[in-house]
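First up is the structure itself, then whatever we jot down about it.
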Amino acid sequence: MTRAADEFYLGVDVGTTYTKIQIVDADGNTVALSSRATPWERTAGATILAPDRLLDEVLQHLEALLADHPAGRVVGIGLTGFGETGVPLGARGDILAPGLPWYDVHGANQLDRLAVTLGLEAFTGSSGLPVNLKPSLFKFAWLAERYAPLSQWVRWLSIQEWLAFRLTGALAGEASLASRTGLLDVVSGRQSEETSAWAGVPPTLLPDRVGAGTSLGPVTTGPARIRGAHVTIAGLDHLVAAVGLGALDDADLVDSCGTGEAIIRHLPEHPWNALNLVDAVNRGLSVGRDVFPGRLQAMASVRSGIGMGRFLKLMGIQRDELPALDEAALAVVPRVDGPRVSNVWLDQAQLTNIDYEPDRAEVWRAVIEAVQERAAYLVHQLDVVAGIPARRRIMTGGGLTSHAVREIKRRYLGDYELPDISEATSLGAAQFARMAAGAIPPIRITGSPTDPAVDNASHHHRAPVDPADHLASVPGGREDQR
């Protein structure tokens, strides 16, 4: 498809620490990239994200980035980021509570209540998620107690869905983000009535879902240069990063290494049921809807970066000392009676077999080996669940700046690709923005079917929804895994 040379597309990635915005041209090439801190606020007893402040920050960020860019028309915007943080809306579309981060630990009492009422396997067999504090619904009771009772909740939007709502006036959801709430039945793709009743929320709390790359309509607010641009909800960050990396086949595996490490596979089409989901979670995985219509994905997570970092602190290693430590670790010949590290990815790690003259290079080698051994185990579990082994492994992320990590990972996982792409997530969001604007054909996984339950019209456009009408129609107006 031919596009004007002065047309541009934006990918917006709302991350845990930073919000990244990337501009690509008509051919999909990066022309600008900018990062700003995500505006979390610390209040009494919680870290929160005020949606209105986030919108203001994103619009200011966009305006500043575009001001430094040659004149051109923005025709598409894709929104991505983490999926657990969201906001409840009232009958008039008003915000009833702020967003909480995925790592928030409120709601522990809800896990105990789940075990004795709904049942752990009933939840896992519906949501495809492990029972821990990350899913959004375990925070609902805490938010309701402090901000607005559940009886007033009419919709729940992820932060990305809410930004799209405010930019366009269209209220819609996206399946991979909805999968992180714990409310979505992964097999059917519908909100679970049983889980919703347990949580005390209406069975229509999640809005109708559209496919990533579907235009929700034009921007109606913000800087003049983005007015009229098509907006799309690109989906969950790790899955969107896979698109930015070109991982578009069932046999592709993506390993995103950073503070946390996410390893993902697109799942081939075959019938899934609750027993399959429970089995996958028992293997250390989570399963959710993919960003592609009709598809599922499996994900494994390890707190690799943050887990390894504590050993660097313990040894007093500064950032500029890491390259030399890496080379020394690679020269180490592991000993049977040498240092051993376990549970690097958990809150409490163990370091054993320290002799009278501990060697920092040996310890660092043991740390990296422990993480890669865990990664290799999870890759194997993903292969089992997918039913076909990964034939192509694609790595990305800041955790791979370590030479020792790169080399030892290769020994455990085999050969892999390391594309020269600094921000694959915002790039993937920009690619979905191109799709929403009609600049490229639909992005699909090889052999991907069309899901009739998802509105993905032939031109990938969806008419804006009047939020007041839409909301008024609603009746009653422990392992680390992301």
Residue pairs passing the ring pair (Phe, Tyr, Trp, His ring centres under 6.0 Å) test with at least one member in residues 117-137, sequence neighbours excluded, are Phe123-Phe138
Here the salt bridge (Lys or Arg N to Asp or Glu O under 4.0 Å) pairs for residues 95-109, sequence neighbours left out, are none
So the salt bridge (Lys or Arg N to Asp or Glu O under 4.0 Å) pairs with at least one residue in residues 186-195 (sequence neighbours excluded) are none
The side-chain hydrogen bond (donor to acceptor under 3.5 Å, both in side chains) partners of Arg42 (sequence neighbours excluded) come to Thr47
Contacts of His106 meeting ring pair (Phe, Tyr, Trp, His ring centres under 6.0 Å) (sequence neighbours excluded), chain-then-number -> Trp142
Students often mix this up, so state it plainly: with edges at 30° and 60°, are the rings of Trp156 and Phe140 parallel, tilted or perpendicular?
tilted
For Arg392, the salt bridge (Lys or Arg N to Asp or Glu O under 4.0 Å) test, sequence neighbours excluded, returns Asp252, Glu417
The side-chain contact (heavy atoms from CB on, under 4.5 Å) partners of His380 (sequence neighbours excluded) come to Val384
Assess, by modelled atom type and distance only, whether the side chains of Gln191 and Ser196 contain a donor and an acceptor separated by less than 3.5 Å. yes
Hits for salt bridge (Lys or Arg N to Asp or Glu O under 4.0 Å) against Asp337, two or more places apart or cross-chain, chain-then-number order -> Arg335
To the nearest 0.5 Å, atom OG of Ser426 lies from atom CG of Asp237 at 11.0 Å
Sorted by chain and residue number, the side-chain hydrogen bond (donor to acceptor under 3.5 Å, both in side chains) partners of Thr117 (sequence neighbours excluded) come out as Trp198
Notebook entry, point to check: Hey, are Arg53 and Glu41 close enough for a salt bridge, meaning a charged N less than 4.0 Å from a carboxylate O?
Noted result: yes
Of Ile95, Thr85, Leu89, the one forming a side-chain contact (heavy atoms from CB on, under 4.5 Å) with Pro51 is Ile95
Quick one: do Glu261 and Lys409 make a salt bridge, cutoff under 4.0 Å? yes
With sequence neighbours left out, the residues meeting side-chain hydrogen bond (donor to acceptor under 3.5 Å, both in side chains) with Asp27 are none
Applying salt bridge (Lys or Arg N to Asp or Glu O under 4.0 Å) to Asp290 and not counting sequence neighbours gives none
Residues at least two apart in sequence or cross-chain that pass side-chain hydrogen bond (donor to acceptor under 3.5 Å, both in side chains) with Ser35, listed by chain then number, are none
